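Notes follow once the structure below has been shown.
Keep in mind it's a predicted model, so treat the numbers as computed, not measured.
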Amino acid sequence: MRQSALLLPTLKEDPADADVISHRLMLRAGLIRQLASGLYTWLPLGLRVLRKVERIIREEMDRSGGQEVSMPVVQPAELWMETGRWQKMGDEMLRMQDRHDRDFCLGPTHEEVITDLFRREVHSYKQLPVNFYQIQTKFRDERRPRFGVMRAREFTMKDAYSFHLDQASFDVTYDEMYRCYERILTRMELKFRAVQADTGNIGGDISHEFHVLANSGEDTIAYSDTGTYAANLEKAAAQRPDRASPGTQTMSRVDTPNSKTIEAVASLLGLPVEQNLKTLIVEADPEDTDNPSGLVAIILRGDHELNEIKAAKLPGVRSPLAFAQEEAITRAMGASVGSLGPVNCAIPMFVDPSAAAVADFVCGANEDGVHLQGVNWQRDVVLDEQQIVDVRNVVEGDMAPGGQGKIQFLRGIEVGHIFQLGDSYSASMQATVLDHDGNSVTPTMGCYGMGVTRLVAAVIEQNHDDNGITWPTPLAPFQLHIIALNGHKSDAVKEASEALYAQAVAAGVETLLDDRAERPGVKFAEADLVGIPHRVVIGDRGLKNGAVEYRLRSDAEATEIPLQDVLSKIG
RNA sequence: CGGGGCGUAGCGCAGUCUGGUAGCGCACUUGGCUGGGGGCCAAGUGGUCGCAGGUUCAAAUCCUGCCGUCCCGACCA
């Protein structure tokens, strides 16, 4: 490709609307342009990268036994009504009507469509297992699109769906997909981690997210320093500590009229924050008729934070989680926030294991302006085992489950998520096959997503320097960048660069020839920005000795090499 | 959806408080100089000042409403 004929609009200045580095560089290097919030046009250079990502994914999916299909972006409402998701998806789904006033949506995902295909076309256990995938445009009307293509509304996703006769078959495919994802990300030369993930509202036990490590990542991942445990913060649990020892102090009241926060009480009493327990009140599941208060108490150690996803899963707690209103709390507890505690607690209560491990603790007295100290479980508050449940976010330094070392944090960009769907879609859509004995059985399903456009941004997050992008070779839009210095003035430069270009193209090397009549400084700056791995500079200075300058984008220094040696450097 | 910011030329911004001529840098066009890290000089092109309404002799500027967009918090590839 000749740069003089390529739409490659680079920006010298940072665009005002871009904050994260990958977004800035994608705009500056002329990979994308924004059309509207969360909607992006891919320019020629960006699209070349996107296609490379797709190709790697496609090759590895095929290698793993996936069968590629392509399903429509526009989907009829009827399918979504079958699974109840026409309602459940809410505003995230963009809906529309056709000329006959029939309801459609832009597909945010394709479980319904693939299950419909399956039930129409697959009828025998002999055809199982199967794993269909596509690389497709998805539309999700995000609350808050951000970070460029990292969280866009329209984006490209590789989504795969597998169907199985039994759990054992699913497990095999799940494991295969896990390894497939590892291969994909490894080929892209990314630093990544697979972590245990929350399974969301779909259920099932196993679920893994694949995170590309980057400080700008939206997710926190917790991993053990021994490397054997890794989980999304939403899911991560600490090793369960032993229950508290009986304690030595007697329980006593202490006036704390102006101390409403844990920190204030701790400093007033001269005790560490960990010795204080905090009591959070959340709304109860409205369908739980055994709980007239409509509230549930959750007890945490003072220095810990509630994990709202874990809390919303507790029996009798409203999901999604909602904190209780002040007024309701005062009515049920006889005291307001700041003086609450587990002693004589009038509503159902859950206690985090780390809170249950504290002896001689401090807590609110359920009486405004009063706390209790020297409190002990069992003696002062009876707890049964079902009430002790993990509901907090792990913190760095926690012991990992099973004693697998200490937990540390990293930031990650979620680029893949694999999980078990069970039979929720196949059952609600009556997708069945006949088994060996002629019985109709409902297959169990797996789902494997990977954010294709997001991967491009993630790659840049990991591969850039002060001057621009430093593409890993497998994803670079071109392999070789020939920079002809003053080619419009020097016939020698023009001839040499054209000859090398023709030779490289003939050898099948993806080559970009900077044949523009720009000054050298402009060419160098833009070449760094665009980040093509191999760079050859052809100028009169070197040509006198039959030499050109060769440099890897990732190297600091260039070397002089004979013109005829260039192609041997690449590949 | 709640909180905050911003909307003036393709991009980055000033001008708005205190109403009266729409401006700067980059980019773009033409000419010249220059020619190894976004160069210099000169002359140009390009703007319904987000939209609608209002106040006023007069609105980019004041008022009202709407729209767009970005950032921070609850969801997800």
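- Atom name C1', nucleotides A77(B) and A14(B): the rounded distance is 42 Å, in whole Å.
- Straight-line distance from the CZ atom of R519(A) to the P atom of C26(B): 14 Å, rounded to whole Å.
- C51(B) and G44(B) are spaced 29 Å apart, taking the P atom of each and rounding to whole Å.
- Under the stacking criterion of a centre-to-centre distance below 5.5 angstrom and an interplanar angle below 30°, F155(A) sits stacked against the six-membered ring of A77(B).
- In this model, the phosphate group of C72(B) is approached by a side-chain N or O of R144(A) to a distance below 4.0 Å at OP1 or OP2.
- Applying the 90° cutoff around 0 to the glycosidic angle, U21(B) is assigned syn.
- Geometrically, R193(A) engages Y223(A) in a cation-pi contact defined by less than 6.0 Å to the ring centre and at most 45° from the axis.
- Across the strands present, G20(B) finds its partner in C57(B); the criterion is a Watson-Crick or G-U wobble pair with both atom distances under 3.5 angstrom.
- Sequence neighbours left out, the pairs with a member in residues 278-287 of chain A that pass salt bridge (Lys or Arg N to Asp or Glu O under 4.0 Å) are E283(A)-R318(A).
- Atom name C1', nucleotides C11(B) and C28(B): the rounded distance is 12 Å, in whole Å.
- For RNA chain B, the residues of residues 543-561 of chain A within the heavy-atom distance limit of 4.0 Å (strictly under) are E549(A), R551(A), sorted by number.
- The one candidate from R2(A), R535(A), K523(A) that meets the salt bridge (charged side-chain N to carboxylate O under 4.0 Å, His left out) condition with D514(A) is K523(A).
- For residues 35-64 of chain A, proximity to RNA chain B is found at A36(A), S37(A), defined as any non-hydrogen atom under 4.0 angstrom from a strand atom.
- Projected onto RNA chain B by closest heavy-atom contact, D91(A) and R28(A) fall at different nucleotides, the more 5' of which corresponds to D91(A).
- C40(B) and U21(B) have their P atoms separated by 32 Å, given to the nearest Å.
- For the segment residues 181-189 of chain A, no residue has any heavy atom less than 4.0 angstrom from an atom of RNA chain B.
- Taking atom C1' on both G4(B) and C57(B), the two are 39 Å apart, rounded to the nearest angstrom.
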Pairs under 3.5 angstrom only: tabulate donor-acceptor contacts from the side chains of residues 6-14 of chain A to other protein residues two or more places apart or in another chain.
residue: T10(A); atom: OG1; partner: E526(A); partner atom: OE2; Å: 3.0

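- Residues that satisfy the ring-ring contact (aromatic ring centres under 6.0 Å, His included) test with Y133(A), not counting sequence neighbours, are absent from this structure.
- Contacts between residues 448-460 of chain A and RNA chain B, defined by a heavy-atom separation below 4.0 Å, involve G451(A), R454(A), listed by number.
- The partner of A14(B) cannot be assigned: no Watson-Crick or G-U wobble pair with both contacts below 3.5 Å exists in any strand.
- Rounded to the nearest Å, the gap between the C1' atom of G23(B) and that of U64(B) is 29 Å.
- Shown here are the side chain to side chain donor-acceptor pair (under 3.5 Å) partners of N486(A), two or more places apart in sequence or in another chain: there are none.
- Comparing the same atom, C1', in G12(B) and in A59(B) gives a spacing of 26 Å after rounding to whole Å.
- Applying the 4.0 Å criterion to OP1 and OP2 of G39(B), one finds that K12(A) has a side-chain N or O inside that range.
- Taking the side chain as every heavy atom from C-beta outward, I57(A) and V452(A) approach each other to under 4.5 Å.
- Not counting sequence neighbours, the partners of E142(A) by the salt bridge (Lys or Arg N to Asp or Glu O under 4.0 Å) test are R151(A).
- Using a 4.0 Å cut-off between a side-chain N of Lys or Arg and a carboxylate O of Asp or Glu, D141(A) and R95(A) do not qualify as a salt bridge.
- A close approach under 4.0 Å does occur between a side-chain nitrogen or oxygen of Q34(A) and OP1 or OP2 of C70(B).
- Applying the Watson-Crick and G-U wobble criteria (two distances, each under 3.5 Å), C6(B) pairs with G68(B).
- Remark: E308(A) engages no residue in a salt bridge (Lys or Arg N to Asp or Glu O under 4.0 Å) (not counting sequence neighbours).
- To the nearest angstrom, P of A74(B) lies 12 Å from CG of L306(A).
- Annotation: cation-pi pair R48(A)/F478(A) present, NZ/CZ under 6.0 Å from the ring centroid and within 45° of its normal.
- A42(B): Watson-Crick or G-U partner is U30(B), with both key distances under 3.5 Å.
- Residues satisfying the ring-ring contact (aromatic ring centres under 6.0 Å, His included) test with F350(A), not counting sequence neighbours, are none.
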Exercise for the section: Heavy atoms under 4.0 Å is the rule here; annotate nucleotides 8-15 of chain B 5' to 3' with B where the base is hit, S where only the sugar-phosphate is, and - elsewhere. Expected result: ---BSS--

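- When heavy atoms are screened at a 4.0 angstrom cut-off, A152(A) is found touching base atoms of the nucleic acid.
- Rounded to whole Å, the separation between the C1' atoms of U45(B) and A27(B) comes to 12 Å.
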